[in-house]
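First the structure, in the form of structure tokens, and then the observations on it.
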Amino acid sequence: MSTRRYAVFGHPVAQSLSPRIHAAFARQAGIALEYTAIDAEPADFIAALERFAADGGGGANVTLPLKEAAFALCQRTSERARRAGAVNTLTRNDGHWHGDNTDGVGLVRDLTDRQGMDLRARRALLLGAGGAARGVAPALLDAGVEELIIVNRTPERADALADALGEPERAHSRYWESLRDEGDFELIVNATSAGRTGGSELHLPSTLTNSRTLAVDLSYGEGAIAFLAWARSVGCRSVVDGLGMLVEQAAESFQLWHGVRPDADAVYAALREQNAVLVTAD
């Protein structure tokens with residue numbers, strides 16, 4: 001049985017759980033799989049990816065801060081990748097990279113199926129407008145949120161994401177400085193780098209929440225502590241980190257590559273038991 005080569009690219013990426021997750025999926029499916037973490041700075045990403053392909057790489061996941069760069073280098077992209085303008089899953093076909101984005105479906109599947117949340121008719125706030133935010137924004141609209149407000153430290157990026165979503169009646173950008181004037185939300189999603197090593201702190205007004213608010217951080221472990229601590233301190237009804245999303249987006253990628261749907265729940269449960277030692281997010 002030949003070993004299939006896959007990897008996750010990011011910067012930093014040493015603490016990624018993706019190799020552990022895909023190894024567990026491969027054991028379930030009886031697939032011989034080599035899956036490694038490759039650290040690549042943005043300027044070196046394309047060269048690193050081409051070296052990987054030359055060494056037999058058949059597919060790759062892409063994490064921060066490379067998701068928009070991954071989209072730009074693909075010869076073909078899926079509809080959900082085009083809507084996001086970002087790629088987190090690459091597949092090598094006919095000497096070219098084909099791109100998809102499984103982040104959004106991973107987040108919604110975790111929130112609705114695993115956490116039992118109903119996202120319909122919620123007024124939602126998305127913090128951030130980078131590759132992670134771009135991956136989940138279309139899926140939140142598809143899941144039925146009533147309104148999606150996007151804020152980012154660089155307002156032009158929030159404007160660009162809102163425009164790209166193509167739903168001007170539901171998706172809007174706002175200035176970060178005007179957050180306390182935006183009223184309250186039933187869903188707040190943190191897609192910023194705040195809380196990670198080197199990330200700036202989030203300063204959010206308590207007026208953003210109400211008795212129904214679900215607070216979600218796309219990071220997990222230490223990266224999610226600050227935002228989720230704020231969410232608890234202001235009385236959010238539910239708080240969720242990004243571990244479930246990470247496992248679900250990985251399961252979707254695994255199925256794209258291997259044609260087998262893994263048991264994501266079993267892998268999630270095993271990782272959740274080790275939550276205290278988890279460090280960063282994909």
Side-chain angles (χ1 to χ4, degrees), residues 80 83-86 101 103-195 201-219 224 226-242 244-245 248-249:
R80 56 191 178 187
R83 290 180 70 197
N101 196 305
D103 282 338
V105 67
L107 175 63
V108 171
R109 188 171 288 145
D110 177 55
L111 295 181
T112 58
D113 294 354
R114 179 173 293 111
Q115 309 294 342
M117 306 293 181
D118 188 348
L119 302 183
R120 293 173 296 180
R122 290 181 187 252
R123 185 167 188 253
L125 173 63
L126 179 60
L127 304 171
R134 283 181 164 273
V136 302
L140 292 173
L141 292 173
D142 291 346
V145 300
E146 180 178 358
E147 182 182 27
L148 182 65
I149 300 295
I150 305 162
V151 297
N152 191 66
R153 294 293 187 189
T154 306
E156 292 81 5
R157 287 178 65 80
D159 294 342
L161 176 52
D163 290 345
L165 291 171
E167 295 201 35
E169 299 299 317
R170 289 203 293 156
H172 313 283
S173 59
R174 295 288 188 267
Y175 290 107
W176 195 285
E177 294 75 14
S178 66
L179 269 177
R180 67 177 61 255
D181 302 319
E182 291 300 325
D184 55 354
F185 297 85
E186 288 79 41
L187 173 64
I188 302 176
V189 178
N190 180 30
T192 73
S193 60
E201 293 184 6
L202 279 177
H203 298 285
L204 301 171
S206 60
T207 53
L208 296 175
T209 66
N210 60 41
S211 61
R212 294 187 61 230
T213 302
L214 163 62
V216 181
D217 199 312
L218 301 190
S219 298
F227 173 74
L228 297 185
W230 169 83
R232 292 186 181 96
S233 73
V234 296
C236 288
R237 182 171 184 174
S238 303
V239 296
V240 177
D241 69 6
M245 170 188 165
E248 293 296 340
Q249 63 81 23

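Numbering of residues begins at 1 and proceeds along the displayed sequence.
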Is there side-chain contact between [X] and [Y], with at least one heavy-atom pair below 4.5 Å?
{"X": "L125", "Y": "V189", "result": "no"}
{"X": "R170", "Y": "L148", "result": "no"}
{"X": "T213", "Y": "L187", "result": "no"}
{"X": "L208", "Y": "I188", "result": "yes"}
{"X": "L204", "Y": "L127", "result": "yes"}
{"X": "R80", "Y": "V105", "result": "yes"}
{"X": "L214", "Y": "L119", "result": "yes"}
{"X": "D217", "Y": "V239", "result": "no"}

Going by side chain to side chain contact (heavy atoms under 4.5 Å, CB included), name the residues that satisfy it together with S173, two or more places apart in sequence or in a different chain.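 Counting only residues at least two positions away or on another chain, S173 forms a side chain to side chain contact (heavy atoms under 4.5 Å, CB included) with A158, D159, A162.
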Nearest heavy-atom pair of [X] and [Y]: which atoms, and what distance?
{"X": "A86", "Y": "N101", "value": "O-ND2, 2.9 Å"}
{"X": "D110", "Y": "G244", "value": "OD1-CA, 3.4 Å"}
{"X": "G128", "Y": "N152", "value": "CA-OD1, 3.5 Å"}
{"X": "A215", "Y": "L228", "value": "O-CD2, 4.1 Å"}

Could you go step by step and tell me if D181 and S178 meet the side-chain hydrogen bond (donor to acceptor under 3.5 Å, both in side chains) rule? CA-CA 5 Å; D181 302 319; S178 66; 5.6 Å; no
So R114 and R109, side-chain contact (heavy atoms from CB on, under 4.5 Å) or not? Walk me through it. CA-CA 7 Å; R114 179 173 293 111; R109 188 171 288 145; over 6 Å; no
Could you go step by step and tell me if F185 and N210 meet the side-chain contact (heavy atoms from CB on, under 4.5 Å) rule? CA-CA 7 Å; F185 297 85; N210 60 41; over 6 Å; no
Which distance, rounded to the nearest 0.5 Å, do you find between the [atom1] of [X] and the [atom2] of [Y]?
{"X": "T207", "Y": "D184", "atom1": "OG1", "atom2": "CG", "value": "8.5 Å"}
{"X": "D163", "Y": "H172", "atom1": "CG", "atom2": "NE2", "value": "11.5 Å"}
{"X": "E156", "Y": "L161", "atom1": "CD", "atom2": "CG", "value": "13.5 Å"}
{"X": "E248", "Y": "D103", "atom1": "CD", "atom2": "CG", "value": "12.0 Å"}

Got a sec, which residues hit salt bridge (charged side-chain N to carboxylate O under 4.0 Å, His left out) with [X], two or more places apart in sequence or on another chain?
{"X": "E146", "result": "none"}
{"X": "R212", "result": "none"}
{"X": "D118", "result": "R120"}

Restricting to ring-ring contact (aromatic ring centres under 6.0 Å, His included), what partner residues turn up for F227, sequence neighbours left out?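 F227 satisfies ring-ring contact (aromatic ring centres under 6.0 Å, His included) with W230 only.
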Could you walk me through whether L218 and L107 satisfy the side-chain contact (heavy atoms from CB on, under 4.5 Å) test, starting with their C-alpha distance in whole Å, then the side-chain angles of each, then the deciding distance to 0.1 Å, before giving a yes or no? CA-CA 8 Å; L218 301 190; L107 175 63; 4.1 Å; yes
Indicate every side-chain donor-acceptor pair of residues 132-145 with a distance under 3.5 Å to a residue at least two apart or in another chain.
residue : atom : partner : partner atom : Å
R134    : NH1  : A84     : O            : 3.1
D142    : OD1  : R83     : NH1          : 3.4
D142    : OD1  : R83     : NH2          : 3.3
D142    : OD2  : R83     : NH1          : 2.7

side-chain contact (heavy atoms from CB on, under 4.5 Å) evaluation trace for S238 with Q115: CA-CA 10 Å; S238 303; Q115 309 294 342; over 6 Å; no
